[in-house]
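Worksheet: the structure to be examined is printed underneath.
Keep in mind that the numbers below use all heavy atoms, side chains included, and drop hydrogens, waters and symmetry copies. Letters A, B, ... mirror the listed sequences (proteins, then strands); counts begin at 1. The model shown is predicted, which means the values in this text are computed figures rather than measured ones.
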Amino acid sequence: MTDKTLLQDLNARGLIAQMTSEDELEQHLAEGSVTLYCGFDPTADSLHIGSLVPLLALKRFQQAGHKPLALVGGATGLIGDPSFKAQERKLNDDSTVANWVEKLKGQVSQFIDFDSGDNSAEVVNNLDWTRDLDVLTFLRDVGKHFSVNQMIAKESVKQRIDREGEGISFTEFTYMILQSFDYQQLNASHNCTLQIGGSDQWGNITGGTELTRRMNGNKAFGLTLPLITKSDGTKFGKTESGTIWLSPNKTSPYAFYQFWLQTSDADAYGFLKYFTFLSVEEIDALEKADAARDGRPEAQSVLAREVTRLVHGEEGLTAAMRITEALFSGNLSDLSEADFEQLQLDGLPSSSLADADLAETPLTTLLSEAGMANSGKQIKDALQRNAVIVNGVEKGMGDNMKAAEVFASEHGTYGRFFLVKLGKKKHHLFVI
RNA sequence: GGUGGGGUUCCCGAGUGGCCAAAGGGAUCAGACUGUAAAUCUGACGCGCGAGCUUCGGUGGUUCGAAUCCACCCCCCACCA
């Protein structure tokens with residue numbers, strides 16, 4: 001990044017959706033270390049991969065010598081951001097939010113460096129400066145700077161205002177003011193002059209730059225990152241089993257790795273630019289090499305490796321790759337008994353059949369309860385298509401009531417391991 | 001508080017007394033083809049291996065029969081006050 005400015009690199013990666021006064025921002029960043037912030041609201045006990053782009057962007061700025069502040073929304077999380085949300089959200093109680101705030105702090109901290117001298121990162125919580133703010137002060141000192149006419153005109157709340165059958169409460173409508181206030185406060189306390197966020201945050205960010213100018217008399221900048229979309233138009237970051245979380249407790253490193261590995265060709269190179277620190281040149285070279293070769297491209301495996309390492313570390317990546325290798329290479333017979341135990345430790349989904357009543361329980365129940373499918377119907381469908389494979393042997397509907405036979409010790413690897421494959425991608429280890 | 005419009009299976013959205021477990025689309029899952037890709041085609045898609053069971057905001061009612069009709073209640077939206 002020596003021969004290019006940070007903004008040029010971000011731009012080459014397609015990571016800039018919008019910014020305020022581009023030329024001035026470029027100059028501002030060139031003048032020295034800038035303090036910037038990005039907010040993360042606690043809407044669950046973990047962030048998901050949707051937050052990865054801004055999180056990595058903070059790191060990109062830090063690598064370029066700037067000082068990142070990660071804001072967790074202890075206050076805004078209590079309100080709920082209405083931006084581009086079709087419906088009013090239900091409120092979470094404050095102990096829940098407080099608990100989530102703690103979890104997010106830990107996650108956010110993984111990505112930025114807290115010990116790098118002048119530009120060490122900091123984590124801040126907006127509850128710290130809003131908790132004791134009283135209504136009248138808020139209305140007089142902050143609220144007075146906002147025009148409802150302008151707020152209503154924001155694209156981010158338009159569908160809530162215009163759409164038949166929906167509305168917006170005053171609570172959520174005020175969210176924008178709270179976030180603007182955060183920026184103004186951080187500007188005053190930390191000399192923060194740049195806020196970044198997803199493109200849905202544009203309205204909230206510009207609100208903050210305005211408020212900072214009015215209350216502090218300071219120039220403040222904003223930059224938004226693009227919303228990640230997939231080429232086929234489906235939602236990024238969701239699968240059948242739900243959201244891809246950053247917490248290993250909610251999405252195992254193995255599942256996380258698999259998610260990236262299954263990226264389509266059309267998205268892979270873009271995702272490499274968004275989600276990794278490989279240089280644009282390296283990625284372009286990879287794309288050329290893949291195009292020149294027949295068969296399977298390398299992009300997905302590079303992507304999966306890089307991102308898994310970023311989020312779950314070298315250990316998580318090793319575990320994920322170990323499972324992948326064992327399950328998809330096709331030669332399970334090479335695995336030792338200790339290998340099976342290691343796979344369980346690595347996070348291969350597994351369950352014990354010790355307590356199960358195999359004589360009475362159909363496979364449909366057994367496999368769906370183990371989490372291989374959401375309902376027995378799906379198992380049934382798979383059985384009818386011979387898509388259930390136990391230790392390499394196809395099972396059909398006829399075996400449904402014969403769980404005791406299927407899982408009999410003499411059929412198990414080392415007398416007790418049964419690797420069940422559902423379709424091409426789902427695996428589950430049963431142990432007796 | 002008044003008037004009008006709404007609340008249907010994950011989402012959107014048909015259905016206005018039996019032919020409704022409820023059209024259609026999307027999402028998702030599985031099969032074929034492939035490369036653990038995309039596109040395409042096929043199947044599944046409330047729950048249950050099955051017999052069968054439980055649904056259409058809630059509670060009661062009318063009826064042989066209700067998502068559909070009636071009463072009351074809850075929630076959402078628009079306009080008025």
Side-chain angles (χ1 to χ4, degrees), chain A residues 85-91 157 159-172 229-244 254-272 286-287 290-291 293-305 308 320-321 323-330 348 357-369 371-389 394-406 420-428:
Chain A
K85 301 282 191 315
Q87 289 176 326
E88 184 88 9
R89 290 197 277 170
K90 77 174 199 328
L91 295 173
V157 293
Q159 56 175 317
R160 292 283 288 279
I161 308 269
D162 292 350
R163 193 181 170 188
E164 187 81 7
E166 290 300 335
I168 183 167
S169 67
F170 179 70
T171 308
E172 285 198 6
T229 55
K230 292 205 292 181
S231 54
D232 63 5
T234 58
K235 197 168 164 49
F236 169 75
K238 298 264 193 206
T239 66
E240 167 231 9
S241 39
T243 306
I244 305 296
Y254 164 67
F256 189 84
Y257 179 85
Q258 285 289 323
F259 169 80
W260 294 103
L261 200 60
Q262 287 165 24
T263 305
S264 72
D265 294 2
D267 293 321
Y269 305 96
F271 285 5
L272 279 165
L286 178 65
E287 184 166 7
D290 277 344
R293 187 161 7 97
D294 278 340
R296 195 173 178 180
E298 261 181 45
Q300 284 88 341
S301 54
V302 174
L303 177 67
R305 272 203 305 278
T308 306
M321 289 179 71
I323 299 176
T324 298
E325 172 66 19
L327 298 184
F328 291 91
S329 69
L348 172 64
D357 182 358
L358 296 181
E360 290 297 318
T361 319
L363 290 179
T364 47
T365 306
L366 225 42
L367 303 198
S368 58
E369 278 179 1
M372 295 192 77
N374 293 326
S375 73
K377 277 255 171 52
Q378 290 182 9
I379 307 289
K380 181 185 161 191
D381 182 48
L383 280 169
Q384 283 167 344
R385 290 161 173 269
N386 291 324
V388 174
I389 296 167
E394 285 184 3
K395 298 296 172 191
M397 247 339 244
D399 298 301
N400 192 30
M401 294 311 294
K402 296 180 188 159
E405 191 186 316
V406 171
V420 178
K421 197 170 152 194
L422 171 65
K424 277 185 291 197
K425 298 173 201 162
K426 284 184 213 163
H427 300 81
H428 194 99

Hunt down the Watson-Crick or G-U wobble partner of [N], both distances under 3.5 Å, from any strand shown, or write none.
| N | result |
| --- | --- |
| B:A44 | B:U28 |
| B:U59 | B:A71 |
| B:G17 | none |
| B:A22 | none |
| B:U3 | B:A78 |

Given the structure, check if the side chain of A:Lys377 and the base of B:G48 hold any donor-acceptor pair shorter than 3.5 Å.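 When only heavy-atom distances are counted, A:Lys377 does reach the base of B:G48 through a donor-acceptor pair under 3.5 Å.
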
Look at the side chain of A:Asp265 and the base of B:G35, then say whether one donor and one acceptor between them are separated by less than 3.5 Å.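 When only heavy-atom distances are counted, A:Asp265 does reach the base of B:G35 through a donor-acceptor pair under 3.5 Å.
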
Distance check, [atom1] atoms only: [N] and [M], in whole angstrom units.
| N | M | atom1 | result |
| --- | --- | --- | --- |
| B:G6 | B:C53 | P | 34 Å |
| B:G57 | B:G7 | C1' | 6 Å |
| B:A14 | B:G4 | P | 22 Å |
| B:A27 | B:C74 | C1' | 31 Å |
| B:G25 | B:G18 | P | 24 Å |
| B:G15 | B:A23 | P | 13 Å |
| B:C75 | B:G58 | C1' | 10 Å |
| B:C70 | B:C76 | C1' | 23 Å |

What is the nucleic acid contact for A:Thr324, judged by heavy atoms within less than 4.0 Å: base, sugar-phosphate only, or nothing?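 It contacts base atoms.
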
Does [X] have a side-chain nitrogen or oxygen under 4.0 Å from the phosphate oxygens OP1 or OP2 of [N]?
| X | N | answer |
| --- | --- | --- |
| A:Lys380 | B:G50 | yes |
| A:Thr364 | B:C49 | yes |
| A:Ser375 | B:C45 | no |
| A:Lys425 | B:A37 | yes |

Could you state the [atom1]-[atom2] distance from [X] to [N], rounded to the nearest angstrom?
| X | N | atom1 | atom2 | value |
| --- | --- | --- | --- | --- |
| A:Lys235 | B:C12 | NZ | C1' | 15 Å |
| A:Asp381 | B:G43 | CG | C1' | 6 Å |
| A:Met401 | B:G50 | CE | C1' | 9 Å |
| A:Asp267 | B:U36 | CG | P | 18 Å |
| A:Ile379 | B:G50 | CD1 | P | 13 Å |
| A:His428 | B:A30 | NE2 | P | 16 Å |
| A:Lys402 | B:C49 | NZ | P | 17 Å |
| A:Gln384 | B:G31 | CD | P | 13 Å |

Where the side chain of [X] is defined as all heavy atoms beyond and including C-beta, which of [options] is the nearest nucleotide?
| X | options | value |
| --- | --- | --- |
| A:Asp232 | B:G48, B:A38, B:A30 | B:A38 |
| A:Arg296 | B:G43, B:G35, B:C49 | B:G35 |
| A:Lys426 | B:C49, B:C29, B:G48 | B:C29 |
| A:Met397 | B:U36, B:C49, B:U42 | B:C49 |
| A:Ser264 | B:G31, B:A38, B:U28 | B:A38 |

Between A:Ile323 and A:His427, is there a side-chain heavy-atom distance shorter than 4.5 Å?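 With C-beta onward as the side chain, the pair stays apart.
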
Check whether any side-chain heavy atom of A:Lys85 lies under 4.5 Å from a side-chain heavy atom of A:Glu172, and answer yes or no.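 With C-beta onward as the side chain, the pair stays apart.
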
For RNA chain B, whose closest nucleotide is more 5', that of A:Gly423 or that of A:Ala266?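 That would be A:Gly423.
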
Can you tell me how far the [atom1] atom of [X] sits from the [atom2] atom of [Y], to the nearest 0.5 Å?
| X | Y | atom1 | atom2 | result |
| --- | --- | --- | --- | --- |
| A:Asp399 | A:Glu394 | CG | CD | 10.5 Å |
| A:Leu286 | A:Leu303 | CG | CG | 10.0 Å |
| A:Leu358 | A:Glu405 | CG | CD | 11.5 Å |

Check for a donor-acceptor pair, side chain of A:Asp267 on one end and backbone N or O of A:Ser231 on the other, with a separation under 3.5 Å.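 Yes: the side chain of A:Asp267 pairs with the backbone of A:Ser231.
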
A:Thr365 side chain to A:Thr361 backbone, donor-acceptor under 3.5 Å: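 No, the answer is negative, given that no donor and acceptor are paired below the 3.5 Å cut-off.
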
In this structure, is the centre-to-centre distance between the rings of A:Phe259 and A:Tyr254 below 6.0 Å?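 No, they do not, as the ring centres are separated by 6.0 Å or more.
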
